[in-house]
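To start, the structure under review is shown below, and the notes come after it.
Lettering of chains follows the sequences in order, A, B, ..., and the numbering in each one begins at 1.
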2 protein chains.
Amino acid sequence: MTALALPGSHTQDNGVTPNEFREGEAMTSRNKVLHFAGRRAVDCLSCRSSPFCFTGRLPVDEVPELGDIMRRRATLDKGDLLIAQGSPFTSLFVVRSGSLKQVTTTASDEYLVTALFLPGELIGLDAIGEGRYPGSVVSLETATVCELPFTEFSELGTRVPELRRRFLCHLSQELGSERLWMRLLLRRTSEVRLAHFLVAMSEHFRRRGYSPHRFRLAMSRGDIANYLGLTMETVSRTLVRYREQELLATRGQEFHILDMPRLERLAETSGRRSSVG
Amino acid sequence: MTALALPGSHTQDNGVTPNEFREGEAMTSRNKVLHFAGRRAVDCLSCRSSPFCFTGRLPVDEVPELGDIMRRRATLDKGDLLIAQGSPFTSLFVVRSGSLKQVTTTASDEYLVTALFLPGELIGLDAIGEGRYPGSVVSLETATVCELPFTEFSELGTRVPELRRRFLCHLSQELGSERLWMRLLLRRTSEVRLAHFLVAMSEHFRRRGYSPHRFRLAMSRGDIANYLGLTMETVSRTLVRYREQELLATRGQEFHILDMPRLERLAETSGRRSSVG
DNA sequence: CGTAATGTTGACACTAATCAACAAGAGTGG
DNA sequence: CCACTCTTGTTGATTAGTGTCAACATTACG
């Protein structure tokens with residue numbers, strides 16, 4: 001894992017002097033300096049993530065300034081660090097392609113995968129309040145992200161109530177789904193947790209126009225396990241059980257859902273006890 | 001459980017015609033009609049929750065309009081329904097005294113305690129995005145809440161950027177702590193989960209000027225269990241173990257922490273495996 | 001091609017869920 | 001005020017499900 005940007009003390013060095021880079025400048029995997037696209041309008045309309053990402057819900061042509069303040073950040077390689085835990089919050093990031101994970105190291109040195117980010121998703125929502133990023137964000141594969149400097153975004157929100165409203169809704173939804181999804185996870189077996197996770201991934205790919213039956217997940221078994229509160233061994237064994245039941249085939253990071261209806265049914269299987277309050 | 005306000009079709013009948021009630025009007029436990037304090041300024045300064053609740057962070061005298069749009073809702077009795085799951089989102093509520101739980105019933109008829117609300121906390125943050133309340137909110141004991149009609153609150157935010165900013169920060173923090181706290185819970189034993197919960201409760205009381213060592217939790221063992229993703233039996237047994245270790249004494253809903261440092265250490269005990277990514 | 005990282009499989013221990021029986025309170029009506 | 005009932009909480013026996021440790025297989029990578 002190579003530190004790319006340390007938005008802490010190194011912010012000025014690494015990224016916030018973007019105008020010296022030309023948009024679309026190529027970057028080799030050796031080049032460990034972050035490149036921005038400068039302040040020129042990022043073409044959100046041509047972005048594959050657009051219809052699904054937060055900005056996409058607000059047609060960009062209604063708020064051209066949004067494209068103005070959005071900067072395209074050059075490609076991240078697998079293992080590159082986008083954000084270091086604890087560094088001061090400056091920007092949100094929109095995933096354009098690829099995927100990333102957020103890992104938080106606790107006081108007792110636990111390593112927790114606290115979020116996974118797929119194309120279209122917003123990184124940094126949980127950093128606004130504290131003014132610091134609560135975890136490191138690491139690229140799981142070759143990925144591109146757009147940077148949304150928060151000060152400017154916020155200032156734009158002042159002038160565009162609709163943008164503000166949508167952003168608030170997005171944040172609220174994120175909170176709601178996190179509350180619900182986590183409470184569910186707490187009461188589910190590994191089999192159901194994993195099924196739920198896979199269905200969610202599948203759904204994400206489906207919405208983005210990719211096959212919901214075949215996809216590649218760049219994260220390791222360990223990351224999946226950690227994210228779901230399981231161990232790698234359990235994830236591995238559960239996947240074997242799926243294969244035995246001809247629910248799902250896997251080969252490395254390739255996932256092939258063989259029986260979607262059954263997987264979905266499994267994912268919806270209620271927890272253990274009804275627990276009448 | 002008696003339905004008090006069904007903010008759905010009954011909204012107009014039950015609450016949103018507040019001006020007919022005088023502030024502070026008494027309400028017997030038989031009187032099942034919600035009483036508002038009307039549009040007169042609620043005295044946030046005299047409110048015990050004030051320094052800790054969201055509005056408290058923004059001195060009320062800086063934003064007198066906030067008191068203007070805040071309505072005090074009359075006392076809820078134990079078991080009273082403040083919000084019905086799925087009803088349209090209209091208002092946020094600030095807990096003034098007492099405590100409430102949010103329960104979500106899933107498609108598969110699971111009963112999940114998705115949130116607990118103590119004095120000073122904001123109810124409804126997870127409802128903004130969907131426009132509906134994601135769960136029913138039920139009073140766990142005699143409680144009072146202030147209502148913050150969202151349209152007016154939002155409109156006020158337009159004029160007061162600082163209010164907006166603080167609200168956003170609050171929401172973001174809520175998301176961050178939910179993400180972290182839940183990931184932690186997933187990897188902890190019942191003993192550590194419960195310890196963590198009790199320490200959090202204790203902390204809450206301490207901040208509000210009450211004893212952090214002795215307090216009453218109005219929720220049942222079942223609710224605690226559900227909230228932590230455990231069963232009532234496990235909670236009960238774990239409490240017994242605490243008592244044997246002279247960590248904590250309980251009598252019904254009364255909790256008496258005997259050895260805070262040890263309980264805190266227990267709560268911070270790392271999960272199981274380090275899970276190196 | 002060799003080394004390290006990642007994933008799989010097996011044996012075993014242990015936690016917490018389940019089922020069931022019982023105890024203790026809270027609420028109700030006589 | 002007491003008997004009755006209903007809810008809530010406690011305790012015990014049992015078992016399913018996962019974590020843990022360890023060995024081995026596979027893949028990725030230089």
Review point. Taking OP1 and OP2 of dT18(D), is either one under 4.0 Å from a side-chain nitrogen or oxygen of Thr231(A)?
Key: no
Practice item. Can you spot which of Leu82(A), Leu122(A), Leu100(A) makes a side-chain contact (heavy atoms from CB on, under 4.5 Å) with Phe93(A)? Key: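 Between Phe93(A) and the candidates, side-chain contact (heavy atoms from CB on, under 4.5 Å) is satisfied uniquely by Leu82(A).
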Review point. Mind checking whether Glu246(A) and Asp259(A) have side chains closer than 4.5 Å, heavy atoms only?
Key: no
Exercise for review: Please examine the side chains of Leu118(B) and Met201(B), heavy atoms only from C-beta on, and report whether any two atoms are closer than 4.5 Å.
Suggested key: yes
Exercise for review: Between Arg251(A) and Arg241(A), just flag the one whose closest nucleotide in DNA chain D comes earlier from the 5' side.
Suggested key: Arg241(A)
Round to a whole Å and report the spacing from [atom1] of [X] to [atom2] of [N].
X: Arg188(A); N: dA17(C); atom1: CZ; atom2: P; result: 14 Å
X: Gln253(B); N: dA26(C); atom1: CD; atom2: P; result: 9 Å
X: Asp223(B); N: dT7(D); atom1: CG; atom2: P; result: 15 Å

With the criterion being N/O to N/O and under 3.5 Å, what pairs connect the protein with nucleotides 8-13 of chain C, and how long is each?
residue	atom	partner	partner atom	Å
dT8(C)	OP2	Arg221(A)	NE	3.2
dT8(C)	OP2	Ser236(A)	OG	3.0
dT8(C)	O5'	Ser236(A)	OG	3.2
dG10(C)	N7	Arg237(A)	NH1	2.9
dG10(C)	O6	Arg237(A)	NH2	3.3

Check your understanding: Through what angle, rounded to 10 degrees, does the axis of the helix from dC1(C)-dG30(D) to dG30(C)-dC1(D) turn between its ends, using five pairs per end?
Key ->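 Between the axes fitted at each end of the helix from dC1(C)-dG30(D) to dG30(C)-dC1(D) lies an angle of 50°.
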Review point. Cation over ring, Arg183(B) on Tyr227(A), under 6.0 Å and within 45°?
Key: yes
Check your understanding: Which class fits the ring pair Phe205(B) and Tyr210(B): parallel under 30°, tilted 30 to 60°, perpendicular over 60°?
Key -> perpendicular
Check your understanding: Should we say atom CZ of Arg214(B) is surrounded by more than 12 heavy atoms from elsewhere, each under 6.0 Å from it?
Key ->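 Count not over threshold, so no.
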Review point. Looking only at heavy atoms, what is the nearest atom pair of Asp109(B) and Thr105(B), with distance?
Key: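 Minimum heavy-atom separation between Asp109(B) and Thr105(B): OD1-CG2, 3.8 Å.
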Practice item. Look up atom CG in Asn226(B) and atom CD in Glu110(B), then write down how far apart they are to the nearest 0.5 Å. Key: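 So the CG of Asn226(B) and the CD of Glu110(B) are separated by 9.0 Å.
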Practice item. Measure from the side-chain heavy atoms of Thr189(B) and tell me the nearest of dT8(D), dT15(C), dG19(D). Key: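 The answer is dT15(C).
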